[in-house]
Participant: 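Before I ask anything, let me first share the structure, which is written out below as structure tokens.
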Amino acid sequence: MIKVVHAGLQSSVQDLGRFGFSKYGIPISGVMDEIAFNVGAAILKNNANAACIETAFGRLQLQFLQPTFICITGADFSPQINNQPIQMHAVVKVDENDLLTFGKRKFGIYTTIHVKGGIQTTKVLGSRSYYQHVTQQNLLQKNDILQIKKQNDQFNFEQSNHVKIDYEKQQLDCYKGPEFYLLNQQQQKELAEMFSISSNCNRMGFVLHEKIHHTATSIISSAVLPGTVQLTPNGTLIILHKDAQTVGGYPRILQLTGDALSILSQKFTNDKIHFNIVDL
Amino acid sequence: MKKQPIQIKSFGDKAILIEWPSTIDKHVFETIVAFKNSLIHDEICDLIIAYNSLTITFFTKVDFTTWEIYLQRKYHQLKTNRSSTPNIWRIPVCFDAEFSIDLEHFAEVKNCTQATIIEMYCATIFTLNFYGFQPGFPYLSNLPKKLATPRKELPQKVLAGSVAIGGEQSGIYPANSLGGWHVLGNTPIKFFNPKSNPPCLIDVGANIQFYSITLPEFQSIKGKIDAETFDFNTLKG
């Protein structure tokens with residue numbers, strides 16, 4: 001079992017998401033940074049969809065009430081076990097009563113904490129991803145107890161190679177969205193410029209600071225997906241993420257690739273990005 | 001009735017968007033529902049209907065060109081003559097003062113009595129177009145023009161079960177939330193239950209008609225639902 005000593009911010013249990021229920025207004029949810037998630041699952045030799053704990057800004061504190069193996073990927077907030085620094089992207093053996101805490105931010109926002117065998121919470125509609133009104137809780141709370149699998153002492157793991165993911169890159173690859181054709185020349189030109197991340201960001205979406213030349217167009221409500229870039233009537237751009245509503249009435253001008261969505265998830269306030277339109 | 005032509009677009013590398021002419025039209029919508037029901041394929045993850053569109057999401061990246069051809073063919077083969085009228089779900093709503101938060105103001109704005117509003121609302125046969133905004137929040141169309149009202153400027157606290165009007169649409173809030181629609185009454189019927197699969201009681205494309213019940217009737221139905229003794233099949237017309 002794992003005990004939540006301090007819940008921190010936006011902490012939740014997540015796997016790759018809840019698929020097939022957007023038709024009922026249920027977002028896919030799932031980890032914000034899929035690249036980091038897949039790396040962690042591979043390092044621990046977990047099932048590809050084994051649930052992890054995701055947290056923002058490194059304020060979470062967990063106590064392991066039984067021995068197991070963990071791996072920390074995604075945002076680097078100087079993870080420590082019993083106040084001793086541990087490596088990111090590596091298998092770390094934890095013993096009964098060990099305490100996981102975080103410290104100084106080195107980069108990113110969302111940290112994924114993987115446990116050997118995965119977090120064993122109840123699946124709802126095929127997924128362990130927390131989401132309000134679907135799972136019992138939408139956030140981890142202080143004193144929550146999470147079940148994990150019993151581990152043998154032996155786990156033959158290779159010392160991981162140094163994992164290098166280029167989160168620094170400002171380029172977000174994307175496709176033209178269904179309403180890209182509504183943009184005039186001026187707007188397309190502005191779309192190619194640099195944008196910065198505003199402070200208005202969370203698991204539902206990222207609002208960009210700079211506006212583009214606006215038009216009053218709206219569309220008849222239609223489906224939106226994580227990665228959809230919406231253009232609001234006042235020219236603000238919103239990049240929808242994993243917990244976004246499933247339907248929207250704003251023009252969908254771009255659609256981020258899966259990897260771009262993961263890179264975006266680790267961008268901090270005022271970080272710069274630019275859209276790179278690619279062909280299918 | 002002749003089928004409307006469709007436009008097929010890619011929507012990222014794992015989804016395809018099919019669009020019908022840009023209006024909210026009952027017959028077009030029926031075609032969309034029929035087409036959605038005809039699409040059964042292992043690679044399809046989800047089929048999301050909205051007013052004039054159908055979005056298909058896939059488990060893996062798809063070859064758009066191949067799928068475009070396949071979808072045009074399937075659409076061409078689709079038979080649009082309906083053999084029977086869809087069932088009408090009859091849903092109880094309590095318009096008691098306790099629940100009808102905005103009814104009084106609404107009647108003033110519309111310059112008629114509350115009773116008239118309720119009568120018009122309950123005479124309407126709504127179509128459930130899609131779920132969105134929140135898990136299990138249904139968007140219903142066919143609202144009489146007289147009842148259409150822009151949503152509130154500022155969202156307010158809304159109780160679960162609230163039956164409301166926003167713009168030209170009507171909807172039912174599945175959970176306590178903040179909402180900007182005008183609340184007319186409350187239904188004891190639970191439309192959304194994440195513990196069951198499918199989690200929504202009523203399918204997209206179904207017809208819904210509301211009828212008025214008293215507060216004691218509301219409490220009785222609610223009691224049965226909480227005790228899990230209520231037979232939801234009695235609601236199907």
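Protein chains get the first letters and strands the later ones, always in sequence-line order, with residue 1 at the start of each.
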Participant: Less than 4.5 Å to any heavy atom of chain B: does that hold for the side chain of Tyr131(A), its backbone, both, or neither?
Facilitator: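 Interface part for Tyr131(A): side chain.
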Participant: Checking heavy atoms, do the side chain of Leu17(B), its backbone, both or neither come under 4.5 Å from chain A?
Facilitator: side chain
Participant: Quick one: are Val247(A) and Tyr139(B) in side-chain contact, heavy atoms under 4.5 Å?
Facilitator: no
Participant: What distance do Ser10(B) atom OG and Gln255(A) atom CD have between them, rounded to the nearest 0.5 Å?
Facilitator: 9.5 Å
Participant: Checking Phe11(B) against chain A: side chain, backbone, both or neither under 4.5 Å from a heavy atom?
Facilitator: both
Participant: Tell me, side chain or backbone of Pro198(B) under 4.5 Å from chain A's heavy atoms, or both, or neither?
Facilitator: both
Participant: To the nearest 0.5 Å, what is the distance between OH (Tyr175(A)) and NZ (Lys14(B))?
Facilitator: 10.0 Å
Participant: Counting only heavy atoms not in Gln120(A), do more than 12 sit closer than 6.0 Å to its CD atom?
Facilitator: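 Check passes, neighbour count above 12.
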Participant: Heavy-atom cut-off 4.5 Å, strictly under: side chain, backbone, both or neither for Phe130(B) against chain A?
Facilitator: side chain
Participant: Tell me which of these, Asn129(B), Asp203(B), Asn197(B), has more heavy-atom pairs under 4.5 Å with chain A than the rest.
Facilitator: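 So the answer, after comparing Asn129(B), Asp203(B), Asn197(B), is Asn197(B).
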Participant: Can you give me the closest heavy-atom contact between Pro194(B) and Val124(A), atom names plus distance?
Facilitator: O-CG1, 3.6 Å
Participant: Drop me the distance from Asp46(B)'s CG to Lys23(A)'s NZ, to the nearest 0.5 angstrom.
Facilitator: 4.0 Å
Participant: What residues of residues 190-203 of chain A sit under 4.5 Å from chain B when only non-hydrogen atoms are counted?
Facilitator: none
Participant: How long is the straight-line distance from CZ of Phe19(A) back to OG1 of Thr57(B), given to the nearest 0.5 Å?
Facilitator: 8.5 Å
Participant: At a heavy-atom distance under 4.5 Å, which candidate from Leu256(A), Thr122(A), Leu125(A), Thr246(A) has the highest pair count against chain B?
Facilitator: Leu125(A)
Participant: Would you say Gln186(A) has more than 12 foreign heavy atoms packed within less than 6.0 Å of its CD?
Facilitator: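 More than 12 heavy atoms, drawn from other residues, nucleotides or ligands, come within 6.0 Å of this atom.
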Participant: Side chain from CB out, backbone as N, CA, C, O: work out which of these in Phe192(B) comes under 4.5 Å of a heavy atom of chain A, or both, or neither.
Facilitator: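 Looking at Phe192(B), just its side chain touches chain A.
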Participant: Measure distances from Thr135(A) to the heavy atoms of chain B and classify the residue's part below 4.5 Å as side chain, backbone, both or neither.
Facilitator: neither
Participant: Non-hydrogen atoms of chain A under 4.5 Å away: do they reach the side chain of Ser196(B), the backbone, both or neither?
Facilitator: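 Backbone only.
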Participant: I'd like to know which of Cys45(B), Ser53(B), Pro138(B) tops the heavy-atom pair count under 4.5 Å against chain A.
Facilitator: Cys45(B)
Participant: Quick one: side-chain hydrogen bond (donor to acceptor under 3.5 Å, both in side chains) partners of Arg252(A), sequence neighbours excluded?
Facilitator: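 With sequence neighbours excluded, Arg252(A) shows a side-chain hydrogen bond (donor to acceptor under 3.5 Å, both in side chains) to Glu179(A), Ser222(A), given in chain and number order.
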Participant: State whether the number of non-hydrogen atoms from other residues, nucleotides or ligands found under 6.0 Å of Tyr250(A) atom OH is greater than 12.
Facilitator: no
Participant: Measure the shortest side-chain to side-chain distance between Tyr24(A) and Pro135(B) over non-hydrogen atoms and say whether it is less than 4.5 angstrom.
Facilitator: no
Participant: Please indicate whether His41(B) has more than 12 foreign heavy atoms, meaning atoms of other residues, nucleotides or ligands, lying under 6.0 Å from its NE2.
Facilitator: yes
Participant: At a heavy-atom distance under 4.5 Å, which candidate from Ser177(B), Ala50(B), Pro199(B), Gly136(B) has the highest pair count against chain A?
Facilitator: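 The candidate making the most pairs under 4.5 Å is Pro199(B).
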Participant: Is the NZ atom of Lys190(B) crowded by more than 12 outside heavy atoms at less than 6.0 Å?
Facilitator: no
Participant: How many angstroms lie between atom CG of Asn52(B) and atom OG of Ser221(A), to the nearest 0.5 angstrom?
Facilitator: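 Those atoms lie 9.5 Å apart.
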Participant: Where on Val278(A) is there a heavy atom nearer than 4.5 Å to chain B: the side chain, the backbone, both, or neither?
Facilitator: neither
Participant: Under a 4.5 Å heavy-atom cut-off, does chain A meet the side chain of Gln7(B), its backbone, both or neither?
Facilitator: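 Neither; nothing under 4.5 Å.
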Participant: Counting heavy atoms not belonging to Lys152(B), are there more than 12 under 6.0 Å from its NZ?
Facilitator: yes
Participant: At what distance, to the nearest 0.5 angstrom, does SG of Cys200(B) lie from CD1 of Ile26(A)?
Facilitator: 6.5 Å
Participant: So, do Lys9(B) and Phe180(A) sit near enough that their side-chain heavy atoms are less than 4.5 Å apart?
Facilitator: no
